[in-house]
Structures are given as C-alpha cells and as structure tokens.
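So the structure is just underneath, and the comments pick up after that.
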Amino acid sequence: MNETKRPPRDLRPALVFLSGDLLAVPIPLEREEVILGRALEADVRINDSKVSRQHAKLTTMVKSQTGELEYVLTDLFSRNGTFLNGEKITREILQNGDKITIGEHIFRFDLLDEIDLEYQKQIRRLLSHDDLTGLLSSRSFFSELRREAARAKAEIRGFCVLMMDIDHFKSVNDTFGHLTGSKTLEEIGFCITQNLRSGDVAARFGGEEFAAFLLDASLTQAIVAAERIRAEIENTEFSVVRHGKPTETHRITISIGIASYPMDSSDPIELVELADSALYRAKREGRNRVCAYRALSEEELQEGLPSRD
C-alpha cells in the first residue's frame, strides 16, 4: 500500500512561560538573537530580582552542512546562572521541550505551528481573564500594572489607577436573583471598557469590584474618564433576567477612587491602596461619585473638568 508523504509542518521556535505572572504566555523567537534579562531593553524582560539585567541569549544558527536551523542558549555571565533541564550551563543547543530556568522563572522551549501558538494564547486568555466579564483577573492586572510602572519610570511619564465598586450590589442579587447579578456585572464590564481608550487596562477584582489604569493620563484626565464611566453606568438600564431571558431592566450606580503616578506614589501596589482609600471616601460621601486621593493642584485645575449634572 502506497502511503502519501505528509508535507513538513511549519514549526516556529517559542519560549512558553511555565511559571510567574506570564504563565502560559508563548514568546515567538522571531529574531536571530534574543536577549533574556531584567533590563527594560531586554527582548524578553523577566521581572525578577534574581535575574541579571542581561542574563542569557538565544541565538538561531544555520547548520553549514544541512542548512537546518539550530537554537543555542548562552549564559551571559549572569550572577545566578542559567539552567537547562536542571543543569547549570554556559552554552547548549536546545531541543524541543527543553526546560530553561532563569531566576525564579521557568520556560519551555517549543517548536510550535500556528495551531499550537493559537492554543497557547487561548490557554493564557483563560488563565488571565475573568470568565464573566472578559476583563483581566486581579493577578494579571497587577502584573500589567507593575510593567506599566517600570515603563513610566523609564520614560518619565504618568498614569492613573482607578478602583471601582458597584453601589448596593447585594440588593440586586436579593431583589432580582443571581442570574441578574451576573448579567449586571457582565454589562458593567462592557460599560467600563467602552469608556476607556485603546491601551488602557481594566480588570475585575472579584465580586462587584473593578479596577483600571489609564496610560499617559494626568489626574485631571483620569477624573474626566472616571466621570464618563460613572455617568454611563448611572444612565444605563441593566437587564433583569427571568427564566434565563432578559425581561425588564433595573438601575444601579458605581463609586470610583483615583490615584496618580508618580504624584501620589511610585509604587504600583501602594497606588492601588491609595485609589482604594479614595473609593471608600466616595462611598462615605454618598456613593455614585468620583473621588481622587489628593486634591487637584492649581495647574491641574487649569486643565479644566467637565461640570457634573
């Protein structure tokens, strides 16, 4: 019986994170030389104090005799060493499935086709996003926030963090049931993303609490964006679900707190805490309002704020 020879698969090299904030993220190795390290300019940046600024490099080479590609991992005289399948190395040729350990992070070297890459991306999405709203999970939000803080420090620019909490959300579940509560959370997530710019990041922290950070935004701009979100939610008719179908609508409001980098803090975790503090002040002052952690300066006031109805 004649067997038809299948054409070779188009396999491309990638590093897949097996630990850390970027768990399951595939990093395609599309350049001849890729630097791994802690430095902002590294091709694969690893946010880990045990990783050197330029820790290791991955080089794509062509075998002179066969023309086949081979992938070489070289340690760049790192402080804590580069490990391949548990052994400390100086320079080694990689094989499909090899495990690389750098600092506290583990990678798998894979040769992936387009379907494999898409599968890895879908796995990452499931791990990093909230199932109900499609927004980032709190863990992924903090990972993105830390990266943004590092970029903002390097490029000397600001950004703002928003913490948001739905007012009296328990009454929605008590009055209309949990199906309506879940639908409301989903619709609020949509309202938030619709009122953010491309590149801004939003997350669901669990329960009825949401968060966002706004790139290249002053405190004045963040207040404008937060007011836009608040007004959109106040004016939206949210679905009431009966017997699995939307049958009527209900209203709800949201309170928002804001903190700005670097004026309020240059530490990303503290920024969230300060925005959370401002959020609870908004709750104490009557809900359905936006509060900043600090008062606007004269210069910021001159930027102008929209009047609130």
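Hydrogens, waters and symmetry mates play no part in the numbers below; they use all other heavy atoms, side chains included. No experiment lies behind these values; they were computed from the predicted model shown.
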Answer yes if the side chains of [X] and [Y] hold a donor-acceptor pair under 3.5 Å, and no otherwise.
| X | Y | answer |
| --- | --- | --- |
| R147 | S143 | yes |
| R251 | T236 | no |
| T59 | E32 | no |
| D174 | S171 | no |
| S255 | D167 | yes |
| R230 | N288 | yes |
| T253 | H168 | no |

Minimum heavy-atom separation for [X] and [Y], please, with both atom names.
| X | Y | value |
| --- | --- | --- |
| Q95 | F109 | O-CD2, 3.4 Å |
| A259 | L271 | CB-O, 3.5 Å |
| D200 | L215 | OD1-N, 3.0 Å |
| S218 | C160 | O-SG, 3.6 Å |
| M163 | A275 | CG-CB, 3.5 Å |
| F205 | A211 | CE1-CB, 3.5 Å |

One pair to check against side chain to side chain contact (heavy atoms under 4.5 Å, CB included): L136 and D130. What are the steps and the verdict?
CA-CA 6 Å; L136 286 182; D130 172 58; over 6 Å; no
Are M263 and L274 joined in one hydrophobic group, where the rule is that I, L, V, M, F, W and Y side chains link up if heavy atoms are under 4.5 Å apart?
no
Examine V44 and F83 and state if one hydrophobic cluster contains both, with Ile, Leu, Val, Met, Phe, Trp and Tyr joined whenever side-chain heavy atoms are less than 4.5 Å apart.
no
If we check side-chain contact (heavy atoms from CB on, under 4.5 Å) with F238, which of these qualifies: T180, L185, I188, V172?
I188
Quick one, I258 and V161 - any side-chain contact, counting heavy atoms below 4.5 Å?
no
Check: E232 and I192 side chains under 4.5 Å, non-hydrogen atoms:
no
Gap separating the [atom1] atom of [X] from the [atom2] atom of [Y], nearest 0.5 angstrom:
| X | Y | atom1 | atom2 | result |
| --- | --- | --- | --- | --- |
| L36 | K57 | CG | NZ | 12.0 Å |
| R38 | Q54 | CZ | CD | 11.0 Å |
| R228 | I223 | CZ | CD1 | 13.0 Å |
| R53 | R79 | CZ | CZ | 11.5 Å |
| D43 | I27 | CG | CD1 | 10.5 Å |

Salt-bridge contact K170-E208 (side-chain N to carboxylate O under 4.0 Å)
no
Are the aromatic ring centres of F17 and F107 under 6.0 angstrom apart?
yes
So, do F213 and F141 have ring centers that fall under 6.0 Å from each other?
yes
Answer yes or no: are there more than 12 heavy-atom neighbours, outside [X] itself, under 6.0 Å from its atom [atom1]?
| X | atom1 | result |
| --- | --- | --- |
| R12 | CZ | no |
| R151 | CZ | yes |
| E87 | CD | no |
| E114 | CD | no |
| K50 | NZ | no |
| R197 | CZ | yes |

For the pair V290 and I229, evaluate side chain to side chain contact (heavy atoms under 4.5 Å, CB included) and give the outcome as yes or no after the intermediate values.
CA-CA 10 Å; V290 173; I229 292 168; over 6 Å; no
For a salt bridge (Lys or Arg N to Asp or Glu O under 4.0 Å) check, start with the C-alpha distance between R108 and D98, then their side-chain angles and the critical distance, and finish with the verdict.
CA-CA 6 Å; R108 186 178 64 232; D98 277 347; over 6 Å; no
Contacts under 3.5 angstrom, residues 69-76 side chains, donor-acceptor by atom type, not counting sequence neighbours:
residue, atom, partner, partner atom, Å
D75, OD1, S78, OG, 2.6
D75, OD1, T82, N, 3.4
D75, OD1, T82, OG1, 2.6
D75, OD2, F77, N, 3.1
D75, OD2, S78, N, 3.2

Would you confirm whether T193, through its side chain, and F190, through its main-chain N or O, come within 3.5 Å as a donor-acceptor pair?
yes
Given side chain to side chain donor-acceptor pair (under 3.5 Å), test S239 with E187 step by step and report yes or no.
CA-CA 8 Å; S239 303; E187 292 175 344; 2.7 Å; yes
Using the rule given for side chain to side chain contact (heavy atoms under 4.5 Å, CB included), can you reason through D216 versus R157, listing the C-alpha separation, both sets of side-chain angles and the distance that settles it, and then say yes or no?
CA-CA 6 Å; D216 293 313; R157 56 184 174 83; 2.8 Å; yes
Side chain to side chain contact (heavy atoms under 4.5 Å, CB included) between I254 and D165, worked out
CA-CA 6 Å; I254 197 166; D165 191 79; 5.7 Å; no
